[in-house]
Amino acid sequence: MTKYVYSFKEGNRDMKNLLGGKGANLAEMTGLGLPVPSGFTVTTEACNKYYEENEKISNEIIEQIFEQLTYLEITTGKKFGDINNPLLVSVRSGARASMPGMMDTVLNLGLNDEVAESFAKTTNNKRFAYDSYRRFIQMYADVVKGYPKSSFERLLDKIKEEKGAKYDTDLTEEDMYEVALKFKEVYKGIAGEDFPEEPKKQLIEAITAVFRSWNNERANIYRKMNDIPSSWGTAVNVQEMVYGNRGNNCGTGVAFTRNPSTGENKLYGEYLINAQGEDVVAGIRTPELISTLEEVMPEVFKQFNEIASILENHYKDMQDMEFTIENGKLFMLQTRNGKRTAAAALKIAVDLVNEGKITKEEALLKVEPRQLDQLLHPNFEKESLENAKIIAKGLAASPGAGCGKIYFSAEDISLAKERNEKTILVRLETSPEDIQGMSDANGILTIRGGMTSHAAVVARGMGRCCVSGCGDLKINEELKTLTTKENQVFKEGDYISIDGTTGYVYGEEIKTVEPEITGYFSTFMSWADEVKRLKIRTNADTPKDAKTARKFGAEGIGLCRTEHMFFEEKRIFAFRQMITSETILQREKALQSILPYQKQDFEELFRAMEGYPVVIRYLDPPLHEFLPHTDEEIEELSASLNISFDSLKNRIDSLKEFNPMMGHRGCRLSITYPEIAAMQTRAVIEAAINVNKEGIKVTPEIMIPLVGDVKELIYVKSIVVNEADRIIKEANIEMEYKIGTMIEVPRAAITAEEIAKEAEFFSFGTNDLTQMTYGFSRDDASKFLNDYYDKKIFENDPFAKIDVTGVGELIKMAAQKGRSVRPNMSLGICGEHGGEPSSVEFCNMIGLDYVSCSPYRVPIARLAAAQAQIRSMENK
Ligand code: ADP
Ligand code: MG
Ligand code: MG
């Protein structure tokens, strides 16, 4: 018999897969002897079984739940549904990876009219009893039944207004009683039936709802953004309630052992007196800073500090903790490795090593490679920032510089993103429904909510900059306006800038500058370099890219797409002359005018790379990307070529292809027009000679694209060798160069042994290889891949993350075949995958020499390569 339900006493931190993160850590804290209310966890396997069995919890699992419930009654001395001493529980979701704000919690479950009435008497606290009851009704309606929260919230607001109460806490016991009764009526109005009175039914319904929520839209979006497979499932925790809403000797809060925004080693957090559950996060009242708890409840504060340091030392990482105080007694309700900004992550990792608590390897594993992206984005330019006018100040909730047009709803943000606008999402406060818009925005500004509000937590997790709780500004979400204290009005589409590091809001667009790798970042990256085996090269088409990449630690260029050197207006003209030429003479003339540009760019690339290897790929333009479109452009071009408009137009039409991605590109071009390969060779070799003369040793690596048959390579290679050797000889110097190929056609991978006889290196062009292996057009796949995700046919975009089973197998095979012929041949990849951590891990595993990625992903790849190496050593 499978065990589907575990008491907190039976679990531990290593059981995350089965118990979820929250459950495993509650069990761990229980084991450490910390004050944790008792409870049990229904496993993720039960969730998966629920889906296997057409969304039904099997009787076997229900029996196990009730069995654990009985134990819980014995442990607590309370009884479910009992009038004298009722057991109330919380029902909490908890997946393997924490998904904040994704799954909802139900508190105070077990209450009904009868229990509430006696609870009021036995606790001698009617206000508390009915406060708990009204919360339960609302959460049950919302989470379990999916009824709109707003019906309840509006009613509560109305009653508060009638009673002249500003906050919930201003309502009297009679008021609370009235709220609870009215909530039940609202429930009945929506449900068409009474609120369920039977606690066991409430419990099973709530557990079912948590399982169901695993598949709601928000959860799916979050999972996709964070690469969490849907097969993991979520666990459910059922836990005895402790009450922070029992009076002024009670409260609830959240805290981090270190500052999650900056990494500062100081307890950081917020709490509310006489409150429950998510009140702190939801911004019901403005929470107090954790440091003030020292005066209010010195004993509790001291104990909490002790627990915080026990937990941090135990987990060897910064902890994010949730706690509740009931009548002066502290209870721990959750701990986990806290989410943090990239800057904080680096500082914490480096500090923990310096404090002697963890090794460098452990530190390297603590930072998500993708998170580094946050630090590689522009910051505000100092001078422009000083000259900009501050219009308001809020909380510095998530650092970074954000600038863009303001929009007032998540949907509008996503629409604006499609128009390529930079945007700032402005909300009274955000909620989980806004998640897509938050991700699409450049920055997030909220009027309400603290440092642990939804907006702040989610923004930090995503690396979006965020200013929260900006009460200086008035928002009108209907009119879509934002008004400053000085009555300046900003409308939808107006520019603002927000600084998530200081909390300042500016009423204008502010210039930004490129980031640099310094301080903690640079220390941390140097540790990554010590450990990693893979070299990290960059895909760089211009000297500017190459310089940026060097700054970020690139050890060479893995791919220079020479056709990209012609995107500029003046250059594209010469390029168009070249591709539309009808005679060799015309073409050679056009090539002559291209040559100096190419040569100069190559020289600068070689200089920027300071002796590191540079792979230059010969022209591989899908021609349609470069053809002139308008009559005007054709006119100008025809004049320059000295041919008639009509005949040029015919020529252009004749170059159009039905399937350009599989058309006349790559080495096929040089086979038709060998003079192109000859010109490029001249540019490469002459540039290398010049730079070599300056004392920088360059060994250019010439890469022939889109080879599928070794004979294609042999043909193009002969042109290259001919030209190169002639030029080198003429220059009367010694210089080496290499000729290799891209493996991007499946046939090339299959015949890699033959190709390796001619190619001195392989670079796997995983974009095209994926396109051709799946037969998915790179340019069109996004149109239907969404259906694949929805139908769970694919979890990931194979163009972003290597399809290990198919494309990966081809790479592995080709690498082995290649090395069997040429043992020391250099092997790397140069597709978009080169900067994607799991793909980097794959490349490390199969023994490639390097990955090449865009400049801004170089640090990510460096860290991913280090992590891959550490893990592979651990596995040995
Ligand atoms: P989330 O994952 O969104 O943080 P939780 O399951 O942690 O959701 O629940 C949210 C909050 O509900 C907790 O921070 C805590 O304040 C409150 N809560 C949960 N369980 C209990 C309990 N047994 N007693 C008192 N409060 C609880
Ligand atoms: Mg929650
Ligand atoms: Mg929680």
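In each ligand, atom 1 is the first atom listed, and ligand 1 is the first ligand listed.
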Proximity of E322 to ligand 1 by residue part, where a heavy atom lies under 4.0 Å: side chain
Donor-acceptor contact present, side-chain D170 to main-chain K166, <3.5 Å: yes
Region of V89 that comes within reach of ligand 1 [heavy atoms, distance under 4.0 Å]: neither
N/O/S from T105 sitting under 2.8 Å away from the Mg ion (ligand 3): no
Steps toward side chain to side chain contact (heavy atoms under 4.5 Å, CB included) verdict (V36, Q239): CA-CA 9 Å; V36 178; Q239 185 177 30; 3.6 Å; yes
Stepwise side chain to side chain contact (heavy atoms under 4.5 Å, CB included) test for Y133 and F119: CA-CA 10 Å; Y133 195 24; F119 200 42; over 6 Å; no
Heavy-atom proximity to atom 1 (P) of ligand 1, best of E326, R336, K22: K22
Q334-ligand 1 polar pair, N/O distance under 3.5 Å: yes
Per-atom contacts, ligand 1 versus L333 - under 4.0 Å to a heavy atom: 15 (C), 18 (N), 21 (C), 22 (C), 25 (C), 26 (N), 27 (C)
E240 N/O to ligand 1 N/O under 3.5 Å: yes
Backbone N/O of L18 and side chain of T43: donor-acceptor pair under 3.5 Å: no
Proximal ligand 1 atoms for L107, defined as those under 4.0 Å from one of its heavy atoms: 12 (O), 17 (C), 18 (N), 19 (C), 20 (N), 21 (C), 27 (C)
L88, L107, L111, D131 screened by side-chain contact (heavy atoms from CB on, under 4.5 Å) with F136, the one that passes: L111
Contact with ligand 1 for Q276, non-hydrogen, under 4.0 angstrom: no
Proximal atoms of ligand 1 relative to Q239 (non-hydrogen, under 4.0 Å): 20 (N), 23 (N)
M241 contact mode with ligand 1 (heavy-atom cut-off under 4.0 Å): both
Atoms in ligand 1 flagged as close to T252, the criterion being non-hydrogen separation under 4.0 Å: 16 (O)
Residues, nucleotides or ligands: over 12 heavy atoms within 6.0 Å of E197 CD: yes
D317/R340 under salt bridge (charged side-chain N to carboxylate O under 4.0 Å, His left out): CA gap, chis, key distance, verdict: CA-CA 11 Å; D317 202 351; R340 62 204 80 176; 2.9 Å; yes
Where the Mg ion (ligand 3) is the vertex, angle from Q334 OE1 to E322 OE2 to 10°: 100°
Interfacing atoms of ligand 1 (cut-off 4.0 Å, heavy-atom, G277): 11 (C), 12 (O), 16 (O), 17 (C)
Geometric cation-pi criterion K56 and Y50, 6.0 Å radius, 45° cone: no
Ring-face cation of K78 near F80 (centre distance under 6.0 Å, axis angle within 45°): no
Side chain, backbone, both or neither: the part of V242 lying under 4.0 Å from ligand 1 by heavy atom: both
Nearest-0.5 Å distance that lies between atom CG in L32 and atom CG in N25: 10.0 Å
